[in-house]
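What's counted below: heavy atoms across the whole structure, side chains too, no hydrogens, waters or symmetry copies. These numbers were taken from a predicted model, which means no experiment stands behind them.
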Amino acid sequence: MRMHKKSHLEERLSACSELVTIADLTDKNMKRAALTPEYLPFNAIFGNDNPIYLEIGCGKGKFVCESAKLFPHVNFVAVEKISNVLIEALERAKEEGVKNVYFLNCAAEVLQKYFKPRSVEVIYLNFSNPLPKEGYKRQRLTNPRFLEIYSGVLKEGGRIIQKTDDKDFFEYSLESYKAAGFKITSVCRDYREVAQGDVETEHERKFKDMGKKIYRAVIEV
């Protein structure tokens with residue numbers, strides 16, 4: 001089902017402009033566009049040089065806002081390519097007065113355009129679209145082409161933390177990490193109790209209430 005455009009979307013985005021960079025990618029070839037750096041000045045944006053944690057696909061922002069409150073000495077950057085979804089996360093962060101979270105409206109394919117090499121300590125992949133059809137394999141956020149991007153922006157020893165309710169996608173992801181030479185440090189195929197320092201997402205609570213298993217892995221680059 002096609003998502004209806006939120007009312008007054010442009011005006012609402014403008015009202016949150018201090019919290020977000022909206023990608024202006026006139027070059028539709030994302031691989032080529034990513035080669036032209038426009039590194040975001042995170043030290044200036046946050047006013048400090050605290051470590052950067054990145055969530056790819058932040059949805060309505062519950063996870064990143066609660067994580068930012070839990071870890072005030074970490075700078076959280078949340079990426080969401082659908083502005084119709086992003087606006088809810090932006091307004092949530094603004095309403096709750098969260099100071100250590102910033103948003104980027106772009107696709108994961110161009111992360112290297114905005115993040116300096118080896119500048120991110122943790123990447124969160126929370127309930128990414130599993131895209132089960134074989135023809136969409138390259139679009140999965142744990143496909144080798146994305147892992148190469150993550151490897152470029154993550155610091156040496158940086159981590160990817162993934163959660164999903166889709167078993168097949170989870171197993172596919174584990175194989176992708178192994179093939180890329182990443183170290184899988186933790187695997188849980190029935191993640192019931194939220195680990196210390198973790199935050200439950202909207203989807204996670206919903207799926208647990210439905211009796212579905214949650215799969216979680218921690219990967220070191």
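The two residues A89 and C58 make their nearest non-hydrogen contact at CB-SG, 4.1 Å. Nearest heavy atom pair, residue I160 against residue F182, reads CD1-CE1, 4.0 Å. Between I161 and R159 the shortest heavy-atom distance is CD1-NH1, 3.8 Å. Nearest heavy atom pair, residue C16 against residue E91, reads SG-CG, 4.0 Å. F169 approaches D166 most closely through the heavy-atom pair N-OD1, 2.8 Å. In terms of heavy-atom proximity, E96 sits nearest to C65 at OE1-CB, 3.9 Å.
Using a 4.5 Å heavy-atom threshold, the side chains of Y136 and N129 count as separate. Contact annotation: the side chain of E109 approaches that of R145 to within less than 4.5 Å [non-hydrogen atoms, C-beta and beyond]. Side-chain contact between I52 and K116: absent, with no pair of heavy atoms (C-beta onward) separated by less than 4.5 Å. You'll find the side chain of L104 reaches within 4.5 Å of the side chain of F115, heavy atoms only. The shortest distance between side-chain heavy atoms of I214 and R192 does not fall below 4.5 Å. V74 places none of its side-chain heavy atoms less than 4.5 Å from the side chain of E121. The shortest distance between side-chain heavy atoms of L111 and V120 does not fall below 4.5 Å. For the pair F76/V98, no side-chain contact is recorded, criterion being any heavy-atom separation below 4.5 Å from C-beta on.
With salt bridges taken as basic N to acidic carboxylate O contacts below 4.0 Å, one links E134 and K137. Remark: E88 does not engage R92 in a salt bridge, criterion side-chain N to carboxylate O under 4.0 Å. Under the 4.0 Å criterion applied to side-chain N and carboxylate O atoms, E200 and K62 are not assigned as salt-bridge partners. We find that E175 and K178 are joined by a salt bridge, their nearest charged nitrogen and carboxylate oxygen being less than 4.0 Å apart. Between E171 and R189, at least one side-chain nitrogen of the basic residue sits less than 4.0 Å from a carboxylate oxygen of the acidic one, meeting the salt-bridge criterion.
Rounded to the nearest 0.5 Å, atoms CG (L70) and CD (Q196) are 9.0 Å apart. One finds the OG atom of S128 at 7.5 Å from the CG atom of N126 (value rounded to the nearest 0.5 Å). For the atom pair M210 CE and D165 CG, the distance stands at 8.0 Å (nearest 0.5 Å). Rounded to the nearest 0.5 Å, atoms OH (Y191) and OG (S186) are 9.0 Å apart. One distance of note links NZ of K206 with NE2 of H203; it measures 6.0 Å at 0.5 Å rounding. One distance of note links CG of N105 with OG1 of T21; it measures 9.5 Å at 0.5 Å rounding.
Follow the hydrophobic side-chain contacts under 4.5 Å out from Y215 and you never reach F63; the two are in separate clusters. Taking hydrophobic clusters as Ile, Leu, Val, Met, Phe, Trp and Tyr residues chained together by side-chain heavy-atom distances below 4.5 Å, V122 shares a cluster with V199. One hydrophobic cluster, built from ILVMFWY side chains closer than 4.5 Å, holds both F42 and I149. Note: the hydrophobic cluster containing L19 does not contain L54 (ILVMFWY, side chain heavy atoms under 4.5 Å, direct or indirect links). I22 and Y114 sit in two unconnected hydrophobic clusters of ILVMFWY residues. Membership requires side-chain heavy atoms under 4.5 Å apart, directly or through other members.
Looking at R118, its side chain does come within 3.5 Å of a backbone N or O of L154 through a donor-acceptor pair. D190 places no side-chain N or O within donor-acceptor distance of the main-chain N or O of K213, the cut-off being under 3.5 Å. In terms of modelled atom types and a separation under 3.5 Å, the side chain of K163 and the main chain of Y124 share no donor-acceptor contact. Between the side chain of S17 and the main chain of S14, a donor-acceptor pair closer than 3.5 Å is present. Of the possible polar contacts, none joining the N84 side chain to the I82 backbone as a donor-acceptor pair under 3.5 Å is found. Using a distance-only test at 3.5 Å, with no hydrogens or angles considered, no donor-acceptor pair links the side chain of N50 to the main chain of N75. Checking side-chain atoms of R140 against main-chain N and O of P132 turns up a donor-acceptor pair under 3.5 Å. The backbone N or O of A68 lies less than 3.5 Å from a partner atom in the side chain of N100, making a donor-acceptor pair.
Other residues, nucleotides and ligands contribute more than 12 heavy atoms inside 6.0 Å of the CD atom of E202. Few gaps surround NZ on K212; more than 12 heavy atoms of other groups in view lie less than 6.0 Å from it. Heavy atoms from other residues, nucleotides or ligands lying under 6.0 Å from NZ of K60 number 12 at most. Within a 6.0 Å radius of CD in E95, no more than 12 heavy atoms belonging to other residues, nucleotides or ligands are found. Residue-environment remark: CD (E193) stays at or below the threshold of 12 foreign heavy atoms within 6.0 Å.
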Apply side chain to side chain contact (heavy atoms under 4.5 Å, CB included) to L125 and Y150, showing your working. CA-CA 11 Å; L125 299 175; Y150 307 156; 3.9 Å; yes
Would you please test V20 and L13 for side chain to side chain contact (heavy atoms under 4.5 Å, CB included) and show each step? CA-CA 8 Å; V20 62; L13 288 169; 5.6 Å; no
Take R12 and S7, measure what side chain to side chain contact (heavy atoms under 4.5 Å, CB included) needs, and give me the verdict at the end. CA-CA 9 Å; R12 291 164 67 185; S7 60; 4.2 Å; yes
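Taking the six-membered ring for Trp and thresholds of 30 and 60 degrees, F71 and Y53 have ring planes inclined between 30 and 60 degrees apart. The aromatic rings of F127 and F207 sit tilted relative to each other, their planes meeting at an angle between 30° and 60°.
The only option from T142, T164, N143 that meets the side chain to side chain donor-acceptor pair (under 3.5 Å) definition with Y172 turns out to be N143.
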